[in-house]
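Working notes, structure below.
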Amino acid sequence: PDPRWNGCDSSKFMDHAYEVMKYYGYQIGNIDVTLILERPKVAGFKPRMKENIVRLLHTTEGRVNIKARTHEKVDSVGELRSLSCHVVITLEKVVGDKKE
C-alpha cells in the first residue's frame with residue numbers, strides 16, 4: 001500500500017485522478033456507474049452521488065450516469081454480505097482551447 005493515501009478521504013483519490021487527467025490533456029467524456037447491491041435502495045442517494053462526481057471531476061450532469069441493480073439474492077452481494085460497483089469512464093483529448 002502507498003502510505004500517502006493511508007486514512008485519506010476517498011474524494012482525494014478523485015482529486016488526484018482529475019489532476020492526472022488534466023495534466024495529460026484529457027477531460028471527461030462520460031462516466032457510467034453501476035451499483036450492485038440488495039440494500040440500501042439508492043434512489044434517494046443518487047442525486048447527491050451525481051452532484052459529488054460532477055463537482056470532483058469538473059464535468060457536467062449530462063456526462064454522468066448512475067444506476068443500481070440487485071443480484072437477485074445470488075452470491076455474497078445477494079446475501080447482503082457485500083456490494084459491488086462498476087465504473088466505466090471515457091476520456092476525451094482536449095484539443096486547442098476547447099474547454100468543457
Side-chain angles (χ1 to χ4, degrees):
D2 188 336
R4 70 183 161 155
W5 302 113
N6 191 26
C8 224
D9 183 297
S10 61
S11 67
K12 299 301 179 199
F13 294 108
M14 290 179 74
D15 289 338
H16 179 70
Y18 174 77
E19 291 303 322
V20 170
M21 177 188 72
K22 187 174 160 187
Y23 175 81
Y24 284 102
Y26 288 88
Q27 66 183 12
I28 297 293
N30 187 57
I31 300 172
D32 188 63
V33 178
T34 303
L35 299 165
I36 305 168
L37 67 166
E38 298 295 321
R39 285 194 301 250
K41 299 300 180 197
V42 297
F45 301 111
K46 283 174 29 176
R48 282 186 290 160
M49 293 168 68
K50 188 172 189 172
E51 287 172 12
N52 282 334
I53 292 169
V54 166
R55 178 179 50 81
L56 290 166
L57 295 178
H58 308 269
T59 191
T60 61
E61 286 191 19
R63 293 179 180 255
V64 178
N65 180 47
I66 300 174
K67 57 190 172 289
R69 64 186 198 89
T70 67
H71 250 211
E72 303 298 326
K73 301 189 182 355
V74 176
D75 70 20
S76 64
V77 173
E79 294 169 356
L80 306 174
R81 294 184 291 121
S82 65
L83 57 88
S84 181
C85 179
H86 301 216
V87 179
V88 176
I89 299 177
T90 56
L91 299 178
E92 299 173 342
K93 187 73 172 168
V94 177
V95 181
D97 291 331
K98 182 183 173 194
K99 299 287 183 192
E100 204 174 51

Report yes if some heavy atom in the side chain of Val54 is under 4.5 Å from a heavy atom in the side chain of Thr60; otherwise report no. no
Does any N or O in the side chain of Arg63 come within less than 3.5 Å of the main-chain N or O of Ile28, such that one atom is a donor and the other an acceptor? yes
I need the Thr34 OG1 to Ile66 CD1 distance, nearest 0.5 Å. 10.0 Å
Name every donor-acceptor pair, under 3.5 Å, that has one atom in a side chain of residues 6-26 and the other anywhere in the protein, sequence neighbours excluded.
{"residue": "Asp9", "atom": "OD1", "partner": "Ser11", "partner atom": "N", "Å": "2.7"}
{"residue": "Asp9", "atom": "OD1", "partner": "Ser11", "partner atom": "OG", "Å": "2.8"}

Pairwise side-chain contact, Leu91 with Ile89, heavy-atom cut-off 4.5 Å (strictly under): yes
Between CG on residue Asn30 and CG on residue Asn65, distance to nearest 0.5 Å: 7.0 Å
Please collect all salt bridge (Lys or Arg N to Asp or Glu O under 4.0 Å) contacts where either partner lies in residues 42-58, sequence neighbours excluded, each pair once. none
Say whether Leu56 and Trp5 are linked into one hydrophobic cluster, either directly or through other cluster members, by side-chain heavy-atom distances under 4.5 angstrom. no
Taking all non-hydrogen atoms of both residues, which atom of Ala43 and which atom of Pro47 are closest, and how far apart? O-CD, 3.5 Å
Starting at CZ of Arg69, measure out to OG of Ser84 and round the result to the nearest 0.5 Å. 8.5 Å
Mind running side chain to side chain contact (heavy atoms under 4.5 Å, CB included) on His86 and Ile36 for me, showing each step along the way? CA-CA 8 Å; His86 301 216; Ile36 305 168; 3.5 Å; yes
Can you list every pair that meets salt bridge (Lys or Arg N to Asp or Glu O under 4.0 Å) and has a residue in residues 23-34, with sequence neighbours left out? Asp32-Lys67
